[in-house]
2 protein chains.
Amino acid sequence: MSFYLNQTKFLVSVDCVIFGYEEEQLKLLLYPRAFEPVKGSWSLMGGFVKELESADEAANRVLMETTGLSNIFLEQVSTFSELSRDPFERVISVVYFALIRINQSDEELVKSHGAKWWPVNNLPKLIFDHREMVEKSMNILQQKAVSSLIGIELLQEKFTFMQLRKLYEAIYQREFDPGNFRKKILSLGVLERLNQKNSTESKKGAYYYRLKPNVRIEVLDRIVKI
Amino acid sequence: MSFYLNQTKFLVSVDCVIFGYEEEQLKLLLYPRAFEPVKGSWSLMGGFVKELESADEAANRVLMETTGLSNIFLEQVSTFSELSRDPFERVISVVYFALIRINQSDEELVKSHGAKWWPVNNLPKLIFDHREMVEKSMNILQQKAVSSLIGIELLQEKFTFMQLRKLYEAIYQREFDPGNFRKKILSLGVLERLNQKNSTESKKGAYYYRLKPNVRIEVLDRIVKI
DNA sequence: GCAAAAGTGTTTGCCATACACCCATGT
DNA sequence: ACATGGGTGTATGGCAAACACTTTTGC
């Protein structure tokens, strides 16, 4: 047991990179820092890990406290532990990224923190190493979306192919051929067409699709060529 | 500053998944646990993060203390923070994986800890959640090797195509066509042939190759099809 | 009629895979 | 002579990308 004595203990926090999708843009939920220094600077939402919870649980709690959502797609990105990453005090931070449906979040709750959705390709200056946290998360999101329909977590339950394609275009910051994209996704065999059309975004109207029940969003095939 | 008060602090450790390559097998360096309970059970090498070091630095230190090596390929895998992952006490562990050249390690130092190299497909029972740490590391190694000649970190500076191929076969636990493998790797343009042959492993003798100086092991192309 | 998205089909070129084939040499 | 790995070349199938084309409907 001597191994465990006289070892330094650390404050451990979680920081959440919260992705949303709105107006054909990938967005991040950011908060103005509430205290000095750099008060008012924009920041990821975070919080300290508590005595009786894991980092995963802490991240879920933070997400619940700030968006009112539970059972959210959440995944660990990396842990940041540089000595001076937080000029206040030594804090080791475990970073998570989350995918949420913006319109399902509790708008009042979000506003009460002064939070704002920012397009990922037009972010404000972020405190500390938060910019790096965002970039790592973005990389992981892109990597995951190659072999998983993970992005669906950002759309409504039912969606058209155009909506799905625009989402992928936002994630990869490039365009996809509409015909080829449709064929590729359909070939995965995980979507089903509903007997319902969306007529607000095109003249002809486009069928809604949704994920088949009891199907995994991780697919064997590659959706995007790397 | 009130944010920082009354927050629980945690013991933070690093655990290192140390990969080596020997006798055409991918191996892991494991240590018999030195204290009760589960004394003698096999374990990854780890240590607590100290007050004035980052987790990265702690991992490098642990690696130096156990193998005598510095400047090693080392990469963060994930952080494990479940409440009861260590039955002794609450410890949050940041896991790293390392790639080393077995014959360059300090054999005396390794032996002095009672450490042993185990083939990855024939590991003993590991303590706590170390098995899961190994599996995550293995996944990341496979993923990285797709678009990087990362595996070279496990070979000598000069190597034949057969040696490189056998290494890849060990990493992916499958066979590669010798001719196609050679062409694929050569097409990356990052290896150079030396005027020197290895005659111990074949009758005809095979040229040694090495990584070109000032070249990145991350390549744009995909080496292994996923 | 025109524009714009929906949806389907066709063509092309690249690339992974399979495999044939000769070379060099130790036994 | 033969087995074995070294090394190069070739044929083939599958798939991504480019793009042509028809349909539908709001304007």
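Per chain, numbering begins at 1; letters A, B, ... match sequence-line order.
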What side-chain donor-acceptor pairs closer than 3.5 Å can you find for residues 23-30 of chain B, not counting sequence neighbours?
unit_1	atom_1	unit_2	atom_2	d
E23(B)	OE1	K27(B)	NZ	3.3
K27(B)	NZ	E22(B)	OE1	2.9

(Q) Can you say whether a donor on the side chain of K183(B) sits under 3.5 Å from an acceptor on the base of dG7(D), or the other way round? (A)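 No, the side chain and the base share no sub-3.5 Å donor-acceptor pair.
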Within this structure, what is the [atom1]-to-[atom2] distance between [X] and [N], rounded to whole angstrom?
| X | N | atom1 | atom2 | answer |
| --- | --- | --- | --- | --- |
| L188(B) | dC15(C) | CG | P | 12 Å |
| Y207(B) | dG6(D) | OH | C1' | 11 Å |
| L191(B) | dG7(D) | CG | P | 13 Å |
| R182(B) | dG6(D) | CZ | P | 7 Å |
| N198(B) | dG26(C) | CG | P | 13 Å |

(Q) By the ring-ring contact (aromatic ring centres under 6.0 Å, His included) test, which pairs, at least two apart or in different chains, include something from residues 53-79 of chain B? (A)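 Sorted result for residues 53-79 of chain B: F73(B)-F97(B).
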Nucleotide N/O to protein N/O under 3.5 Å, stretch nucleotides 25-27 of chain D:
unit_1	atom_1	unit_2	atom_2	d
dT25(D)	O4'	K203(A)	O	3.3

Q) Just how far is it from atom CD1 of I150(B) to atom CD1 of I140(B), taken to the nearest 0.5 Å? A)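 Atom-to-atom, I150(B):CD1 and I140(B):CD1 are 9.5 Å apart.
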Q: Only counting residues at least two apart or in another chain, list the ones meeting side chain to side chain donor-acceptor pair (under 3.5 Å) with R61(A).
A: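 Residues passing side chain to side chain donor-acceptor pair (under 3.5 Å) with R61(A): E53(A), E65(A).
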(Q) The criterion is side chain to side chain donor-acceptor pair (under 3.5 Å); which residues satisfy it with N198(B), sequence neighbours excluded? (A)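 Scan of N198(B) (side chain to side chain donor-acceptor pair (under 3.5 Å), adjacent residues dropped) gives T200(B), Y208(B).
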Would you mind writing out the side-chain donor-acceptor pairs for residues 212-220 of chain B within the sub-3.5 Å range, not counting sequence neighbours?
unit_1	atom_1	unit_2	atom_2	d
K212(B)	NZ	G189(B)	O	2.9
R216(B)	NH2	E218(B)	OE1	3.2

Q: Strictly below 4.0 Å, heavy-atom distances to any atom of DNA chain D: list the hits from residues 156-178 of chain B, or just say none.
A: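 Contacting residues: M162(B).
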Q) What nucleotide among dG7(C), dT17(C), dA18(D) has an atom nearest to a side-chain atom of N180(B)? A)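 Closest nucleotide among those given: dT17(C).
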Please, which pairs that meet salt bridge (Lys or Arg N to Asp or Glu O under 4.0 Å) have at least one residue in [range], sequence neighbours excluded?
| range | value |
| --- | --- |
| residues 66-77 of chain A | E75(A)-K144(A) |
| residues 181-192 of chain A | K184(A)-D221(A), E192(A)-R210(A) |
| residues 113-129 of chain A | R85(A)-D129(A) |

Q | Y168(A) side chain vs A145(A) backbone, donor-acceptor pair below 3.5 Å | A |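 At least one qualifying donor-acceptor pair exists.
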Q | Pairwise side-chain hydrogen bond (donor to acceptor under 3.5 Å, both in side chains) hits with a residue in residues 150-163 of chain A, at least two apart | A |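 For residues 150-163 of chain A, and leaving out neighbouring residues, the side-chain hydrogen bond (donor to acceptor under 3.5 Å, both in side chains) pairs sorted by first residue read N103(A)-Q156(A), K158(A)-Q196(A), Q163(A)-E201(A).
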Scan nucleotides 12-16 of chain D against the protein and return all N/O pairs shorter than 3.5 Å with their distances rounded to 0.1 Å.
unit_1	atom_1	unit_2	atom_2	d
dA16(D)	OP1	K184(A)	NZ	2.8

